[in-house]
Amino acid sequence: MSTTEPAVELHGITKRFPGVVANHDIDIEVAAGTVHAIVGENGAGKSTLMKILYGMQRPDEGTIKVAGEEVALHSPSDAIARGIGMVHQHFMLADNLSVLENVVLGAERLHGIGGKARRRIREISDQYGLGVDPDRLVEQLGVGARQRVEILKVLYRGAKILILDEPTAVLVPQEVEELFGNLRDLKREGLTVIFISHKLDEVLSVADTITVIRRGTTVDTVQPGDVTARQLAELMVGSELPVPELRESTVTDVPVLALNGVTVRDATGRAVVDDVSLTIHEGEILGIAGVEGNGQAELVEAIMGMLPLDAGVVRLGDDELTGMATRRRREAGIGFIPEDRHRHGLLLESPLWENRILGHQTRPPNVKGGLIDRQGARRDTERIVRDYDVRTPNIDVTAASLSGGNQQKLIVGREMSGDPKLLIAAHPTRGVDVGAQSAIWDHLRHARAEGLAVLLISADLDELIGMSDTLRVILRGRLVGEADPATITPDQLGSLMTGAGEGSAA
Amino acid sequence: MIHHLFARSWTRTLVAAFVALVFSVAITSIVLSVSGFNPPSTFQAMFEFGKEPDSIVNTLNKAAGYYLSALAVAVGFRMNLFNIGVDGQYRLAAMLAAAVGGTWALPAVLHQVVIIIVAVLVGGLWAAVPALLKVTRGVSEVISTIMLNFIASGIIAYLLNPGRLAVQLGSNNVGTKTISRSGRMPGIPFPGSDLRLYSFLVIAVLAGIAFWFMINRTRFGFDLRASGVSQSAAVASGVDVRRMVVMAMVMSGAIAGLIGMPQLLGGSYTYSLDFPTGIGLTGIGIALLGRNGPVGIAFASLLWAFLDVSSQILDFNDIPKEIVAITQAAVLLSVVVVYEVVSRVGQRIDQRHVAAQLGEVAA
Amino acid sequence: AGCGGKKATTGGGGGGGDGKKSLKVGLAYDVGGRGDKSFNDAAYAGLQKVQQELKLDVKDLEAKEGESDNDKIQRLELLAKSGYNPVIAVGFVYATALGKVASKYPNTKFAIVDDDTIQKPNVTDLLFAEQEGSYLVGAAAAKKSQTGNIGFIGGVQTPLIKKFEAGYVAGAKKINPKIKVQIKYISQPPDFSGFKDPAKGKTIAQGMYDQGADVVYASAGLSGTGSLESATAEKKWFIGVDSDQYQTASAAEKPYVLTSMLKRVDTAVFNFVKSVGDGTVQKGDVRFSLKNDGIDYATSNPAALGDMTTTLNDLKQQIISGKITPPEK
Amino acid sequence: MEQEIRTPAPDTEDRERRRSRLLLVGGGIFVALILLRLITGESDITSSGTMSATLALAVPIGMAALGGMWSERSGVINIGLEGMMTFGTWGAAFASYFSGNPWLGLLGGIVAGAVGGLLHAVATVTFGVDHIVSGVAINILAPGVTRYLSDLLFTDEQGGGATQSPPLPNFPTWSVPGVGKPLGSLEKHHWILVSDLAGLVRGVLTNLSPITLLGILLIPVSYYLLWRTAFGLRLRSCGENPVAAESLGVKVYRMKYASVVISGAFAGIGGVFLAMVASSNYQEGQVNGRGYIGLAAMIFGNWRPGMVAGGAGLFGYTDALQLRGGTGAVHAMLLLIGIGLLALAVWRGYRRRVVAAAISAVVAAGVLVWFFLTDALPREIVTYSPHITTLLVLAFAAQRLRMPAADGMRYRKGGGH
Ligand SMILES: Nc1ncnc2c1ncn2[C@@H]1O[C@H](COP(=O)(O)OP(=O)(O)OP(=O)(O)O)[C@@H](O)[C@H]1O
Ligand SMILES: Nc1ncnc2c1ncn2[C@@H]1O[C@H](COP(=O)(O)OP(=O)(O)OP(=O)(O)O)[C@@H](O)[C@H]1O
Ligand SMILES: [Mg+2]
Ligand SMILES: [Mg+2]
């Protein structure tokens with residue numbers, strides 16, 4: 001094998017989905033033994049490109065060369081056979097199988113599925129310091145450990161070329177550092193790493209080369225030494241990035257949401273939300289920082305009445321909500337932007353105007369005397385589409401046919417329209433493009449100015465710091481710290497989130 | 001635009017139905033030819049027979065039961081709840097309603113109303129059992145309703161004994177006491193036939209309209225559909241899914257209670273050993289065929305009943321009448337497959353359409 | 001394997017040309033239809049005899065599980081309308097339907113098996129005194145039993161089958177008042193699967209033999225074949241029903257068939273058709289009993305019956321003369 | 001009764017413990033049954049006859065249950081088992097009758113069942129039809145097709161008709177030599193434990209048909225294939241997370257096809273048993289709900305072969321008891337249920353779950369009162385005691401079960417993010 005050949009060359013790759021051209025005439029060369037970053041905003045087509053390289057999707061046009069040789073990749077097996085491994089944006093693990101089973105799956109030929117495989121996994125784990133126990137069930141692992149299992153999966157197959165699709169999205173800065181340590185080790189061992197992110201600082205610190213993708217095409221390939229984060233951002237977006245920030249404080253001393261000793265236990269009796277107390281006032285945005293899986297989702301569901309409380313009290317204004325059904329809580333004035341819009345926010349196969357009714361089935365303009373008021377709902381949907389700039393030809397198309405950002409804008413518009421006192425916004429801008437992102441932030445600011453109380457949960461630390469009046473940190477279900485968004489940096493917040501700096505910044 | 005899209009989703013259903021019909025006629029023809037019969041003459045015999053007045057009455061009467069049965073099933077299906085227990089529910093309901101109706105003679109109208117109410121109550125209560133098992137114990141309703149069908153048979157057998165709820169009818173039959181004239185529903189004459197249309201057909205049609213209204217116009221209907229399309233989204237929107245499960249199941253059982261009524265009030269006036277069975281199971285197929293909509297189900301139950309009725313002439317002509325069962329199954333399987341394909345294609349067209357309208361296609 | 005798909009019953013007709021006005025005989029089965037090794041089969045046997053001996057055109061139609069009266073009406077009407085006369089309905093389930101069709105076609109002769117509720121000038125009710133035959137085989141069972149323990153398996157717990165049970169128990173008690181009779185039904189109406197579940201017939205019989213029975217009477221249609229299998233395996237006795245099951249048993253099974261309770265639906269069908277041809281048809285109830293050989297017990301396995309035939313024939317005479325009246329319930 | 005209900009162990013538990021617990025529970029039940037026999041004098045509770053009837057009744061259900069497990073382990077719900085068994089009964093009859101060879105009958109049944117499975121796979125995997133919908137359609141299809149074919153092929157044969165086949169050739173039966181006689185005489189003494197054990201062993205070791213042996217063998221074979229081979233791992237991964245499996249080069253469609261076809265073949269074997277071992281011909285309606293009951297046994301067995309077989313055994317046992325012992329033996333079971341529920345009430349009280357304890361206590365009291373006030377149960381109801389048992393068992397067990405994570409999911413290739 002000659003080392004002068006690029007490890008991977010992609011030429012003229014085009015991939016069309018119904019209604020979208022995800023990739024258009026993409027050209028990338030990845031030199032062997034380097035860390036090559038690909039950046040681009042949400043929906044730019046990064047994942048699609050990588051799936052093509054991994055054989056999960058076929059390009060409509062273009063050629064792929066691996067180590068100088070042109071290849072046709074029909075399935076992941078083809079890619080694996082050529083030494084390509086991929087860690088996906090979303091975990092690709094079966095919870096109810098052991099680590100061993102997850103790792104050897106599909107690669108049973110190498111070392112079987114028994115003792116030999118177990119030894120090999122231990123070996124790799126030790127070699128790269130991954131600290132993975134082959135006999136644990138995956139469902140018992142935390143996010144970081146899962147990430148390492150994913151990497152182990154790829155290494156186990158002897159991959160020479162590693163694709164990491166947004167591996168850092170769910171990691172805190174410290175874990176990211178560890179991961180980057182691992183990547184450098186891998187590079188030293190002669191592996192090639194293709195690394196996707198839209199967090200520019202990270203990219204600048206770890207990559208040897210950076211390719212920028214915008215709207216499905218390659219815009220430029222640069223060296224990290226030659227550009228600043230700002231320049232990169234402009235390459236990505238084609239204009240300046242919007243910045244999340246609040247202007248003057250609108251916080252009043254009228255409490256809207258008050259939690260007192262809220263505790264939620266899972267089926268095994270473990271407290272996933274542990275004695276949480278907090279108050280959000282009119283005009284206040286309270287951000288909750290935490291590594292994913294530390295109880296944020298359960299806290300939200302407890303406030304929404306989707307999970308039963310084990311102890312504690314939830315009040316909204318003067319009303320006690322504890323024990324109340326979700327519907328009553330919504331009627332009492334809670335709006336809810338769910339974390340997973342496809343699962344919790346939309347009826348994908350239903351038209352937009354029916355989605356307008358969802359969550360507001362008992363309130364005008366959607367109902368009149370127990371019956372659905374179609375005209376009312378339609379009229380109000382038109383209003384939302386107009387006011388929130390939802391890009392759609394009409395309100396009779398199914399929600400599934402909108403792009404992610406437009407789906408999100410529809411949800412935001414809907415949740416704002418019941419005149420809520422409290423808005424729970426879980427990752428409100430996750431996976432939406434920049435334009436939609438700034439629009440959503442604008443709407444939040446506007447509503448806050450009018451006295452709305454907001455509970456904001458986000459994995460994007462910039463958003464969290466920029467958009468919150470108050471910041472609380474959640475760790476293993478407990479509120480462990482409080483931070484001043486005016487002064488704290490993402491790094492400091494990150495160490496609070498892992499518990500490293502517990503109490504110090506309070 | 002609205003009309004355009006509305007028409008389109010209609011077209012979609014029609015296309016699916018048409019393709020499925022062609023497909024199943026083709027399958028049937030092949031099976032017939034392979035076994036040495038002439039398909040065109042077979043079909044012709046069926047149509048000739050099917051359009052006789054007697055056959056029409058019989059088809060409509062049969063369709064009434066099928067229609068109600070499929071409606072009962074569809075209420076559950078609309079929220080992904082599989083009530084396989086419609087069969088047991090209607091049999092138990094019909095038996096107890098017949099017993100009540102035969103025991104007490106009440107003035108006309110009141111008498112019928114009482115019988116129907118008993119049937120609806122029994123059907124609903126019996127369906128509440130699997131519903132409660134599901135929401136409190138997590139037992140899959142598919143399995144529990146199947147078991148309850150068997151158990152309903154046991155209960156009916158126990159109660160349908162002289163000395164309990166039954167009396168001897170002739171030397172070899174037992175049944176509940178015959179409902180007196182005040183509790184019967186007079187049949188509607190049909191030109192050219194001595195047979196009478198069940199007047200309960202009217203109630204079946206009304207039930208269909210009520211079903212449509214409930215599903216499309218009420219809050220409950222919205223919640224039901226939302227739970228069916230996405231349970232997680234429904235929960236987040238404030239639908240109490242446990243309550244919905246119980247309500248939908250009970251409603252399904254209540255409609256199931258009506259299934260035996262056309263026959264009971266319009267034909268046999270007693271629940272005896274030869275009371276029709278299996279309508280609940282047929283209803284599952286018909287609901288699937290009719291895509292769980294009241295109009296689709298109407299067509300499906302007519303088609304099914306027509307095939308059932310005209311199978312008699314096949315037997316008469318020495319053609320195995322089970323060919324009809326093959327046709328029914330072929331229609332059913334092909335409808336579900338074809339509809340799946342059509343709706344996928346439709347979704348694609350939609351997405352492309354939206355993108356094209358917005359000019360959002362990336363350069 | 002015949003792939004023609006033509007039923008045997010279509011033949012015969014048409015080309016007779018023997019001058020006599022040729023009858024076309026129609027017959028409608030109860031659920032289960034041909035092959036149930038019970039009364040549908042017996043009716044079919046009668047029909048075959050009609051076809052062979054009287055050289056008549058015949059047509060037999062099957063019922064569908066769970067159908068309604070209207071289906072039955074249409075079936076009977078299809079036959080009557082197409083000129084079939086006489087028309088025979090097998091099973092009490094046809095009662096209501098037959099009543100209606102018979103009024104509409106007064107010139108067609110109808111017969112119904114196992115029902116006495118339709119009393120019309122053109123309807124003959126073919127009834128059987130099953131309890132009489134069952135009484136005799138019950139006596140046979142009690143005589144044969146060495147353990148004083150015998151069994152009765154009913155297919156479906158209907159009034160009809162309970163008649164078999166009542167006669168059997170009474171006959172057995174007549175011989176041995178202290179005899180133990182194990183009674184078991186396979187299924188409950190409206191589940192009629194008990195007439196066609198040999199697996200359960202076998203398990204139940206096995207259980208009875210295990211519990212000490214040495215003779216089992218299976219009045220369970222096809223399920224009885226399973227009971228016979230079990231009798232053969234256990235080398236115990238079996239009593240058949242409806243037709244002479246000694247004739248249809250395999251060579252290995254024959255020795256264990258003690259006798260069968262004969263219910264001559266075939267004779268009834270044949271005689272009825274014949275009487276229609278002769279113009280001697282009798283309206284109303286026609287009862288088949290020991291007296292007119294419509295009911296009997298089989299003596300095809302003399303080795304098994306041995307000298308008990310004298311006792312049985314004596315009982316038979318007492319029933320015929322009215323000295324003994326076997327109970328129906 | 002209560003104990004075995006609470007066993008289904010989560011996958012986390014190590015195999016050793018699960019195995020010993022299984023033995024413990026099995027032993028506990030056996031002892032309870034012996035006690036029950038002593039108290040009530042119903043010797044049939046542990047007789048060899050009951051045991052062998054249990055086996056015979058459990059085999060078809062067990063085959064359906066194992067078949068269901070195969071299918072659902074790959075993520076495809078197979079409610080069409082009923083229809084596939086029907087195909088199996090017919091296939092067995094067709095092949096064995098026209099060839100005169102019982103072994104070809106076995107093959108015929110397997111193939112016919114597998115064809116049913118293939119149909120289900122085409123609908124659910126290739127076309128993405130809802131699994132329940134497709135299964136229901138197959139259950140409607142099967143009786144029509146088999147009846148049509150019977151009408152065509154069996155009516156002209158001696159003893160055949162539209163609803164049944166002519167008598168079919170038999171399989172030879174085997175007994176473990178030297179077991180029948182001595183155990184039989186032991187059993188007759190009704191000695192505590194000894195006679196009961198003799199009954200159990202004799203019932204399970206004598207007069208076995210090859211299909212029974214095959215069925216028993218397929219339990220460990222299924223375990224081995226699914227949990228000890230690469231093929232099994234791939235198959236199970238499709239039921240847990242097909243997207244992940246696909247991303248590792250597993251041919252998800254192919255695995256699902258394989259598992260659903262195997263599932264159909266298992267159901268087919270159940271059909272062969274019904275047509276050729278349990279009885280001696282194919283008969284319409286022979287399956288009579290056993291496919292559904294198999295599904296219940298599978299759920300009860302927590303999608304694991306050992307427990308699945310246990311579920312089938314439980315059902316077979318209840319059915320054997322009601323068929324053989326009749327109302328008396330089933331009546332005796334009331335006592336066991338009553339005591340079991342009482343124990344549960346005490347346990348729950350001890351765990352301070354007052355409401356649950358109270359409910360159990362009330363039900364227990366009701367059952368016991370029923371037992372002491374009556375001598376027998378109504379015949380009509382006893383016939384359905386297996387179904388009632390199934391329902392009760394599920395009501396107690398369903399919550400502790402863990403189905404494959406992606407079971408029933410309509411999976412489409414390239415459908416992941
Ligand atoms: N399977 C698919 N079917 C239809 N459209 C798709 C599919 N996968 C991706 N797309 C569309 O292709 C475009 C590119 O998506 P892709 O997931 O590659 O973006 P990305 O750059 O990875 O974004 P993100 O940062 O959110 O991960 C998006 O508009 C998306 O909606
Ligand atoms: N597998 C798919 N099949 C069909 N359409 C898809 C598929 N995946 C994505 N899409 C469509 O692509 C658009 C955006 O999807 P995508 O998942 O890329 O959004 P996103 O913004 O990345 O959101 P998320 O954060 O949920 O991933 C939507 O219209 C969606 O319906
Ligand atoms: Mg991506
Ligand atoms: Mg995405």
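Computed from a predicted structure; not experimentally measured. To find a chain, count down the sequence lines: A is the first, B the second, and so on, and within it residues start at 1.
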* Asked: Hey, does A:Arg327 have a side-chain heavy atom less than 4.5 Å from the side chain of B:Asp223?
  -> yes
* Contact class of A:Arg214 relative to chain B, heavy atoms under 4.5 angstrom -> neither
* To do: Search all heavy atoms of B:Ala236 against all heavy atoms of A:Arg330 and return the closest pair with its distance.
  => O-NE, 3.0 Å
* What part of A:Ile395 is in contact with chain B, defined as an atom under 4.5 angstrom from a non-hydrogen atom: side chain, backbone, both or neither? -> neither
* Asked: Is atom CD of A:Glu331 surrounded by more than 12 heavy atoms (other residues, nucleotides or ligands) closer than 6.0 Å?
  -> yes
* **Crowding at CZ, B:Arg243 (>12 non-hydrogen neighbours, <6.0 Å)** => no
* Check each atom of A:Glu301 against the heavy atoms of chain B and say whether the ones under 4.5 Å are side chain, backbone, both or neither. => neither
* What are the two closest non-hydrogen atoms of B:Arg219 and A:Gln361, and how far apart are they? -> CG-O, 3.1 Å
* How far apart are the closest heavy atoms of B:Phe222 and A:Ile372, and which atoms are they? -> CB-CD1, 3.8 Å
* Structure fact -> Whatever's closer than 4.5 Å to a heavy atom in chain A on B:Phe213 counts as side chain
* Measuring heavy-atom distances to chain B, does A:Leu371 have an atom under 4.5 Å in its side chain, in its backbone, in both, or in neither? -> both
* Structure fact -> Most heavy-atom pairs under 4.5 Å with chain A, out of B:Gly221, B:Ala234, B:Ser237, belong to B:Ser237
* Structure fact -> When every non-hydrogen atom of A:Arg343 is compared with those of B:Ser232, the smallest separation belongs to O-OG, 2.5 Å
* Asked: Does CZ belonging to B:Arg242 count more than 12 external heavy atoms closer than 6.0 Å?
  -> no
* **Whether over 12 other heavy atoms sit under 6.0 Å from A:Arg328 CZ** => no
* Asked: Does atom CZ of B:Phe220 have more than 12 heavy-atom neighbours, drawn from other residues, nucleotides or ligands, at distances under 6.0 Å?
  -> yes
* Would you name the heavy atoms of B:Ala233 and A:Gly345 that are closest together and state the gap between them? => CB-N, 4.5 Å
